[in-house]
Trainee: 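Attaching a single structure in structure tokens format; questions to follow.
Note on naming: letters A, B, ... go to the chains in the order of the sequence lines (proteins, then strands), and numbering restarts at 1 for each one.
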Amino acid sequence: MSAEISHSRFAFKDAEERWQSLWETRGCFNASDDRDRPKYYVLEMFPYPSGRIHMGHVRNYTMGDVVARYKRACGFNVLHPMGWDAFGMPAENAAMEKKVHPAEWTYANIDTMRRQLKMMGLSIDWSREIATCDPNYYQHEQQMFLEYLEAGLIERREGWVNWDPVDQTVLANEQVIDGKGWRSGAAVEKRLLSQWYFKITDYAQELLDALEDLDRWPEKVRLMQANWIGRSEGLRISFKIEGQENRLEVYTTRPDTIFGASFCAISPEHPLAAELAARDNELTSFIEMCGQLGTSEAVIEQAEKIGYETGLRVKHPFITGKTMPVYVANFILMEYGTGAIFGCPAHDQRDLDFARKYGIDVLPVVLPDGKHDVSIENEAYVGPGKLTNSEFLNGLSIEDAKAEITRRIEAAGQGLREVNFRLRDWGISRQRYWGCPIPIIHCEDCGIAPVPAADLPVILPEDVNFGAPGNPLERHEDWKTVDCPKCSKPARRETDTFDTFMDSSWYYARFTAPNADTPTNRDAADYWLPVDQYIGGIEHAILHLLYSRFYMRAMTKTGHAGMDEPFTGLFTQGMICHQTYRTQSGEWVEPADVVEGDGDGIFHVETREPLIVGRSEKMSKSKKNVIDPEDIIKSYGADTARWFMLSDSPPDRDLDWTEAGITGAWRFANRLWRIAADAAKNLPEPGATSQNTEVRRAIHRAIAGVTEDLEAFHFNRSVARVHELVNVLSNIDPKTDGETLREGLEAVTLLIGPMMPHLAEELWHTLGHETPVAETDWPTFDKSLLIQDTVKIAVQVQGKMRGTVEIANNAEKPVAEEAALALPTVIASLNGKKIKKIIYVPNRIINVIH
RNA sequence: GCGGACGUGGUGGAAUUGGUAUACACAACAGACUUAAAAUCUGUCGGCCUAUAGGCCAUGCGGGUUCAAGUCCCGCCGUCCGCACCA
């Protein structure tokens, strides 16, 4: 590259350094304490410090930054903070694999990622940075936990976990692969552990009802949450077990199909199953086999349905003399309903699969509307219809039959209607080291005691050993041993730590007063909360967001906040994808190692081996299709990376990372810079007025359009509008129409301010302004320039396009008709036929029907 | 398996939410500048038919509603996300 050429390019490295340090010196992005100004709280989901930022982060934080800078320019007092979701398993895995302490590993990652994020030029108030692994953060979690316990929001009970018998550790579902532990390869067992539960189910109805008011959330997320909460109205029925005093309680949402019932099934974790297994070795091994599936619902439901016939039989409540077999079945979840069902194979696919396998009767009891008989082969009928083969229910609709059977069963004292939720309580205990310690002491005599306030916080010990299996806290005798706060005798600390979702369920509140010595400062929290715009991945649509909604309510109940919903606006972004490359033998190849051949085909840069090009997939280390943001920022600059992130792909959809895309963005940044730099010396002083109405229309249309698009999260459209305007401006000669070019360039500069902030500052300065863009108001537009005198509208005959006519804006129907009927193509299409009617939508279309 | 979404040129996508389908960009091709290349600038660019005017066909596939469907409804196909201890 010659010196001359480099001269005519945007020197991004220099510009980025200069403007970033100016922003910092002037404190442009520090949230103000001025409570009289309207506030705007924009937050992106904080990152897990995994090592280095990835493109997903770049996209997420670019979008948040656009919103933050835009809102700031609109006059809001903006809070835009950043922190670290710093507890979690990867740090412990690193400790085991790389012999590095989780804290050391985590903080080193944070340093790297903070440096990388700063390279992006984000308008973040870094003075509020928090890390969840910092005792200054997690001590408040401990205090709140004890308050929740006091308030009855927390309880202790037993729960099932995946247990790795070799590593002596609890496994996450993702660590269970084909029923084996990922590290040890040992067959997984289901184990019952005493754990702490947050009683989110007490709020199930409320969390469901409140979804309706979250009108700035994507509809799909609200739907997913509603389905997750899964309210169902059904009936709990008590079946008499033949030859026993015990009864079997089942829950059903289809009590109308009771006459089609032909078996009962209970979960392998059902107490009755355990009772029977005590004297049945075969059943014991069956239950163990079910346990090997682990606790993942997805795995359980996809597994082949198997059952074990217990020999017990229950009596049908309405058919005298009829009894049904009771199975233990692997697809019945203990967590839902009563952990027992009655099966009606004709009208439930899972029951049908099961019945076919074990030769159980299939009795259809719902007749599809308009049919006279129904026979079931391998597909259950779950649609609407009328009851049949069901004695007193015959002829009723499903709804009526449900009501009738419920009435009868309740009257007979054989059951009760029950509202059930699929939502389960939130288990918050984790048998791990790198998390917030649960501030509880276990005493043999006194039982469970909270750590006294004076002894808080409970700090994680640093001297831990990851050399042996199991939780290092469990082996740390010094730390573990403590005097009982009640009787002073030696007792032991709880060695479990919190689920990391606990940390991320209130960090948004902590940002409003990150140094407060209480969890929140109510004054600050009441001013800043709720988060006006939250931005993050769709993968958090259910758990994180639901837990946070619940946690906010818990904080409000205990006085730490004063509202229910933490996030009034939500945007979920798509993922970043990239093409994948493999060798002939199937090994993944990094994009950096791929070169194009002379003709067709793609080759490995070193071995020259021809490569197979796979489809574009989510960037992941395992497929090696990752591009390092730092490389991109170093080669093209932060603005180019940001601009590309916003171009083309709608933000809620997946973005395909392409080399061509990033170079295109780079070329545009340069082109804009060059137009401004070349024109600068010929432009009139700021404030000159342009008379070029046509171009001014384009300028003001762009301002209006970009404003509207940013408000609606249509960043890709904003980018297109900026392109359009620049295309117009590039044809203006600064020597003959400098006023117009100045107005246009100033508009473009301010419009790209949120998207390419360094370039914007550079242009703004070039155009002779002293105040940085970061402190300049968002441009306004002249509405009168948006209205066109004439409009070109489409003319159709029989709904087919036949041409266009240019008529006055909002022309009267007769005027439009006359113009349309005069079109030669219309005359030809009509071919003398009689016109039946003419549909005219002003400024849109005119349709002639014959 | 259950729940949720998405599908438009060679490519990413746009379409005022039922009203001119393909804005904007990328790639490609042609031209200008250059010893040459890069960069830059100009032009062409959904398919088929046609000398032109113009016509016909195209929004994953198959139906439907409507004066009018990428948009609404029904049924398929494909891809992706979540499923409670990954974050």
Trainee: Find the distance His723(A):NE2 to G13(B):C1' and express it as a whole number of Å.
Mentor: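 Interatomic distance, NE2 of His723(A) to C1' of G13(B): 13 Å.
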
Trainee: What is the distance, to the nearest angstrom, from the CG atom on Leu546(A) to the P atom on G3(B)?
Mentor: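 Going from Leu546(A) (CG) to G3(B) (P), I get 19 Å.
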
Trainee: Where the side chain of Tyr547(A) is concerned, which of A84(B), G55(B), C41(B) is the nearest nucleotide?
Mentor: A84(B)

Trainee: Mind checking if Phe331(A) touches a base, just sugar-phosphate, or nothing, with heavy atoms under 4.0 Å?
Mentor: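 Answer is nothing: Phe331(A) stays at 4.0 Å or more from every strand.
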
Trainee: Salt bridge or not between Arg422(A) and Glu297(A)? Use side-chain N to carboxylate O under 4.0 Å.
Mentor: yes

Trainee: Between Thr497(A), Asp499(A), Asn471(A), Thr500(A), which is the residue that forms a side chain to side chain donor-acceptor pair (under 3.5 Å) with Arg430(A)?
Mentor: Asp499(A)

Trainee: Look at atom NZ of Lys813(A) and say whether more than 12 heavy atoms of other residues, nucleotides or ligands are closer to it than 6.0 Å.
Mentor: yes

Trainee: Applying a 4.0 Å non-hydrogen cut-off, can you work out what Thr804(A) is touching in the nucleic acid: base, sugar-phosphate, or nothing?
Mentor: base

Trainee: Whole angstroms only, please: what is the CD-P distance between Gln798(A) and A68(B)?
Mentor: 8 Å

Trainee: Taking atom P in both U42(B) and A27(B), what distance in whole Å separates the two?
Mentor: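 Rounded to whole Å, the distance is 15 Å.
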
Trainee: Please tell me if Arg653(A) has a side-chain N or O lying less than 4.0 Å from either OP1 or OP2 of A14(B).
Mentor: yes

Trainee: Could you work out, with ring pair (Phe, Tyr, Trp, His ring centres under 6.0 Å) as the rule, every residue matching His54(A), not counting sequence neighbours?
Mentor: His57(A)

Trainee: Quickly work out the Arg667(A) CZ to C26(B) P distance and round it to whole Å.
Mentor: 6 Å

Trainee: So if I take residues 706-714 of chain A and measure heavy-atom distances to RNA chain B, which residues fall below 4.0 Å?
Mentor: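 Hits under 4.0 Å, by residue number: none.
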
Trainee: Going through the distances and angles, do Phe498(A) and Trp196(A) end up as a ring pair (Phe, Tyr, Trp, His ring centres under 6.0 Å)?
Mentor: CA-CA 9 Å; Phe498(A) 283 138; Trp196(A) 293 104; 9.3 Å; no

Trainee: Over all strands shown, is Asn716(A) touching base, sugar-phosphate only, or nothing at heavy-atom distances under 4.0 angstrom?
Mentor: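 Sugar-phosphate, backbone atoms only, no base.
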
Trainee: Just how far, in rounded Å, is P of C81(B) from CH2 of Trp228(A)?
Mentor: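 My rounded result for the distance is 16 Å.
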
Trainee: From the options C85(B), G19(B), C81(B), select the nucleotide whose nearest atom is closest to the side chain of Glu539(A).
Mentor: C81(B)

Trainee: Going through the checks in order, is the side chain to side chain donor-acceptor pair (under 3.5 Å) test met by Thr201(A) and Asp425(A)?
Mentor: CA-CA 5 Å; Thr201(A) 52; Asp425(A) 275 333; 2.6 Å; yes

